[in-house]
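Encoded as structure tokens, the structure appears first; notes follow it.
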Amino acid sequence: MVGGTPKSWSSFLRSRSPSSPAFIDYARKNPGKLNYGTGGIGLLNHLALAAVRAAAGFDAVYGHYRGIGPAITDMLGGQIQVLMPGARRGAAAYPRR
């Protein structure tokens, strides 16, 4: 890799797992039942999430999008459960309280 940006791990808010370790444990126990998306094949967020998935040892269905915006929309809508956008875009997807 030549360069990169900070990434944030995002999992669907209504998932049964409130933390990353709990989410990974759920994903391991339910192989192929979760969907994850990226802004496109071969982009940094795709490679980073593939590395996390491989290291954590869980299987999920991959869907690529034409940009991170539609992927964030689908995550908030419940179509995908895992996403690793850049830190700024990931934070912007969640409303402030």
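Heads up: numbering here begins at 1 and tracks the sequence. For the numbers below, each heavy atom of this structure counts, side chains included, while hydrogens, waters and symmetry mates do not.
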Next on the checklist: Measuring from atom OG1 of T38 to atom CD1 of I80, what distance do you get when rounded to the nearest 0.5 angstrom?
Outcome noted: 8.5 Å

Checklist entry - Less than 4.5 Å apart, any side-chain heavy atom of D59 and any of R53? => result yes

What heavy-atom pair brings [X] and [Y] nearest, and what distance separates the two atoms?
{"X": "Q79", "Y": "T73", "value": "OE1-O, 4.5 Å"}
{"X": "A48", "Y": "M84", "value": "CB-SD, 3.5 Å"}
{"X": "K33", "Y": "Q81", "value": "O-OE1, 4.4 Å"}
{"X": "A71", "Y": "Y65", "value": "CB-CD1, 3.6 Å"}

Checklist entry - Do side-chain atoms of N45 reach the backbone of L83 as a donor and acceptor pair under 3.5 angstrom? => result no

Item to check | Test side-chain hydrogen bond (donor to acceptor under 3.5 Å, both in side chains) applied to N30 - qualifying residues, sequence neighbours left out | outcome: none

Next on the checklist: Check the orientation of Y62 and H46. Use parallel for under 30°, tilted for 30 to 60°, and perpendicular for over 60°.
Outcome noted: parallel

